[in-house]
Amino acid sequence: MDRTQVAIIGAGPSGLLLSQLLYLNGIDNIVLERQSREHVAGRIRAGVLEQGTVELLLKAKSGGRMLSERLVHDGVSLAFAGRSVRVDLKALTGSSVSVYGQTEVTKDLIDARTAAGARLMFEAAEVAVAEFDSAHPKVRYRHNGRTHELSCDFIAGCDGYHGVCRQSIPQGALQTFERTYPFGWLGILADVPPASHELIYSNHARGFALCSMRSMTRSRYYVQCALDEKLEAWPDARFWDELRVRLPDEIAAAVITGPSIEKSIAPLRSFVVEPLRFGQLFLVGDAAHIVPPTGAKGLNLAAADVRVLYQALVEYYRTSRTDLLERYSQLALRRAWLAVRFSWWFTSIMHKFSDDPFNHRLQLAELDYLSGSTAALTSLAENYVGLPFEI
Ligand code: APR
Ligand code: PHB
């Protein structure tokens with residue numbers, strides 16, 4: 001039977017970053033990923049990194065390309081009622097955010113792991129985790145047509161919302177908290193310069209819209225859509241028209257259109273499971289919690305989990321102390337709930353929930369208040385750039 005110290009299930013940003021940080025601290029690990037390398041490296045996800053995430057990627061020695069290619073944004077704008085208000089993140093908090101796609105973060109981490117000779121197994125099928133309530137957990141999987149068994153000290157469940165790890169924990173041991181939203185985001189990627197040099201979140205009577213980017217030549221735009229919307233119903237021209245309608249005139253006029261290179265619909269969900277540890281199995285990132293993309297907290301929250309877990313494992317292997325491992329769930333959940341609250345709130349003031357005009361008036365009043373109150377803007381800004389870490 002093969003053996004490692006930490007078996008990591010999933011090669012999304014959580015699994016890859018944890019693997020790299022453990023490796024740099026002399027902790028042996030194996031990553032088992034269901035999908036192919038090309039699939040993992042090609043997925044289009046969000047693109048805003050908190051400074052804490054940037055620092056963790058640098059600590060993981062996989063932030064070189066990010067440092068040279070990222071766009072540092074000192075502010076974001078909120079558009080509503082035909083006007084737009086800039087939230088000066090830097091002035092309000094002293095911090096900025098970095099625009100750099102999660103797709104690129106994933107590629108950089110795969111490159112760093114591969115260069116270090118990592119045991120990074122793509123296309124690992126039928127992954128099953130067992131005996132994690134004992135001191136000797138096991139992981140079974142199929143790879144290249146053969147069945148393998150792995151013995152380890154710990155399992156890190158970095159396998160996302162649909163992964164096998166959370167589902168392997170006895171039902172009665174977990175409590176789940178969930179909210180689904182009655183709409184999704186239709187997003188497109190296009191090789192056109194962005195409408196503005198910063199992100200714009202727009203509240204409109206027809207629904208939310210977001211102007212984002214990956215670089216000064218590649219834009220990412222979203223419009224709120226119905227959950228049962230079909231991509232075929234959204235040729236590029238319809239998307240661009242709907243986007244412009246939902247933006248203040250001046251911004252709409254600055255939108256440069258072009259053929260889409262990717263188009264997809266994503267549902268919005270808030271989800272948290274408690275606790276994040278069962279025996280020697282730890283849940284990390286999307287396996288543990290999901291937030292709606294408004295505010296771009298998903299990847300940052302995953303990185304924050306990894307930050308606590310890798311430090312806890314380093315402490316354990318250096319000193320045999322389990323203090324931090326025992327606090328993992330509590331520390332990660334505290335931050336997760338703060339991000340769940342912020343993402344839910346930001347979602348709720350920016351989206352169309354119903355045709356009830358009272359709701360829209362309330363949202364406009366809240367945005368009006370925000371735009372005139374340094375206290376309210378600071379609250380938004382400090383959540384957007386990322387709250388301070390506890391450890
Ligand atoms: N066996 C092996 N791998 C699996 C299994 C399984 N049974 N199930 C899922 N996986 C893999 C998925 O293919 C995926 O590559 O686990 C990985 C999970 O990656 P993500 O879903 O990206 O989750 P995570 O790494 O936690 O990343 C944080 O926060 O909001 C999001 O978009 C953000 O994806 C980002 C996430
Ligand atoms: C993105 O660029 O994909 C993005 C940016 C900000 C968000 C969500 C998504 O809040």
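As the structure is a prediction and not an experimental result, all values here were calculated from the model. Indexing begins at 1, ligand by ligand and atom by atom, following the structure's order.
Proximity to G163 (heavy-atom distance under 4.0 Å) selects the following atoms of ligand 1: 8 (N). Close contacts of ligand 1 with Q35, meaning ligand atoms under 4.0 Å from a residue heavy atom, involve 13 (O). Within ligand 2, the atoms closer than 4.0 Å to a non-hydrogen atom of V48 are 5 (C), 6 (C), numbered from 1 in the order shown. The ligand atoms of ligand 1 that sit less than 4.0 angstrom from a heavy atom of A302 are 28 (C). Of all atoms in ligand 2, numbered sequentially from 1 with element shown, those under 4.0 Å from a heavy atom of L199 are 5 (C), 6 (C). Those atoms of ligand 1 that come under 4.0 Å of a heavy atom in G285, given as number and element, are 26 (O). Taking every non-hydrogen atom of G295 and a distance limit under 4.0 Å, the qualifying atoms of ligand 2 come out as 10 (O).
At least one N or O atom of Y201, backbone or side chain, sits closer than 3.5 Å to an N or O atom of ligand 2. At least one N or O atom of Q102, backbone or side chain, sits closer than 3.5 Å to an N or O atom of ligand 1. Not a single N or O atom of H162, backbone or side chain, sits closer than 3.5 Å to an N or O atom of ligand 1. The shortest N/O to N/O separation between S212 and ligand 2 falls below 3.5 Å. The shortest N/O to N/O separation between W185 and ligand 2 does not fall below 3.5 Å. The distance criterion of under 3.5 Å between nitrogen or oxygen atoms is met by P13 with respect to ligand 1. Considering backbone and side-chain atoms alike, A296 places an N or O below 3.5 Å from some N or O of ligand 2. Ligand 2 has no nitrogen or oxygen under 3.5 angstrom from a nitrogen or oxygen of L210. Geometrically, ligand 2 and A46 share no nitrogen or oxygen pair separated by less than 3.5 Å.
For F183 and H351, the gap between ring centers is short of 6.0 Å.
Nearest protein heavy-atom neighbour of atom 19 (O) of ligand 1: G12 CA, 3.4 Å. Looking only at protein heavy atoms, the nearest one to atom 17 (C) of ligand 1 is E33 OE1, 3.6 Å. Of the protein's non-hydrogen atoms, P293 O, 3.3 Å is the one closest to atom 8 (C) of ligand 2. Protein heavy atom in closest approach to atom 29 (O) of ligand 1: D286 OD1, 2.8 Å. When hydrogens are left out, the protein atom nearest atom 22 (O) of ligand 1 is R45 NH1, 3.0 Å; that is the closest non-hydrogen contact. With respect to atom 9 (C) of ligand 1, the closest heavy atom belonging to the protein is D159 O, 3.1 Å. For atom 3 (O) of ligand 2, the nearest protein heavy atom (residue, atom name, distance) is Y222 OH, 2.6 Å. Scanning all protein heavy atoms for the shortest distance to atom 3 (N) of ligand 1 gives R34 N, 3.1 Å. The single protein non-hydrogen atom nearest to atom 25 (O) of ligand 1 is S14 N, 3.0 Å, given as residue, atom name and distance.
Contact annotation: for V127 versus ligand 1, heavy atoms closer than 4.0 Å belong to the side chain alone. The part of L32 lying near ligand 1 is the backbone, judged by heavy-atom distances below 4.0 Å.
Inspection of the S62 and D108 side chains reveals no N or O donor paired with an N or O acceptor under 3.5 Å. In this model, no donor atom of one side chain and acceptor atom of the other lie less than 3.5 Å apart for S151 and E149. Neither side chain, E315 nor Q311, offers a donor N or O lying under 3.5 Å from an acceptor on the other.
With a 6.0 Å cutoff to the six-membered ring centre and a 45° limit on the axis angle, K297 counts as a cation-pi contact of Y384. In this structure, R179 is not positioned above the aromatic face of F271 in the sense of NZ or CZ being under 6.0 Å from the six-membered ring centre and within 45° of the axis. Remark: R341 is not positioned above the aromatic ring of W344, lacking an NZ or CZ atom under 6.0 angstrom from the ring centre and at most 45 degrees off the axis. In this structure, R269 fails the cation-pi test against Y181, since its NZ or CZ atom is not both closer than 6.0 Å to the six-membered ring centre and inside 45 degrees of the ring normal.
Residue contacts with ligand 1: R43 is included, with a non-hydrogen atom under 4.0 Å away.
Criterion: ILVMFWY side-chain heavy atoms under 4.5 Å apart, direct or through other members. Under it, L243 and I251 are part of a common hydrophobic cluster. Hydrophobic clustering (side-chain heavy atoms under 4.5 Å, transitive across Ile, Leu, Val, Met, Phe, Trp, Tyr) keeps L67 apart from L71.
Checking R246, R238, R244 one by one against E242, the salt bridge (Lys or Arg N to Asp or Glu O under 4.0 Å) holds for a single residue, R246.
Taking the six-membered ring where the residue is Trp, W185 and Y222 present tilted rings, their angle falling between 30° and 60°.
Annotation: side chain of I9 is not in contact with side chain of E33 (no heavy-atom distance under 4.5 Å). Between C165 and L281, the closest side-chain pair of non-hydrogen atoms falls below 4.5 Å.
Going from atom CD1 of I265 over to atom CG of L231 covers 4.5 Å, rounded to the nearest 0.5 Å.
Side chain of K263 to backbone of I261: no donor-acceptor contact under 3.5 angstrom is found.
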In sequence, state the C-alpha distance, the side-chain angles, and the governing distance for H360 and N203, and then conclude on side chain to side chain donor-acceptor pair (under 3.5 Å).
CA-CA 9 Å; H360 193 225; N203 172 304; 2.8 Å; yes
Walk me through it: do Y316 and F154 pass the test ring pair (Phe, Tyr, Trp, His ring centres under 6.0 Å)?
CA-CA 11 Å; Y316 171 75; F154 299 99; 5.3 Å; yes
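Here the shortest heavy-atom distance to atom 30 (O) of ligand 1, taken over A303, G298, S343, A11, belongs to G298. Around atom 18 (C) of ligand 1, the closest heavy atom drawn from C158, C165, G157, G10 belongs to C158. For atom 1 (C) of ligand 2, the nearest non-hydrogen atom from the set Q102, R214, M213 comes from R214.
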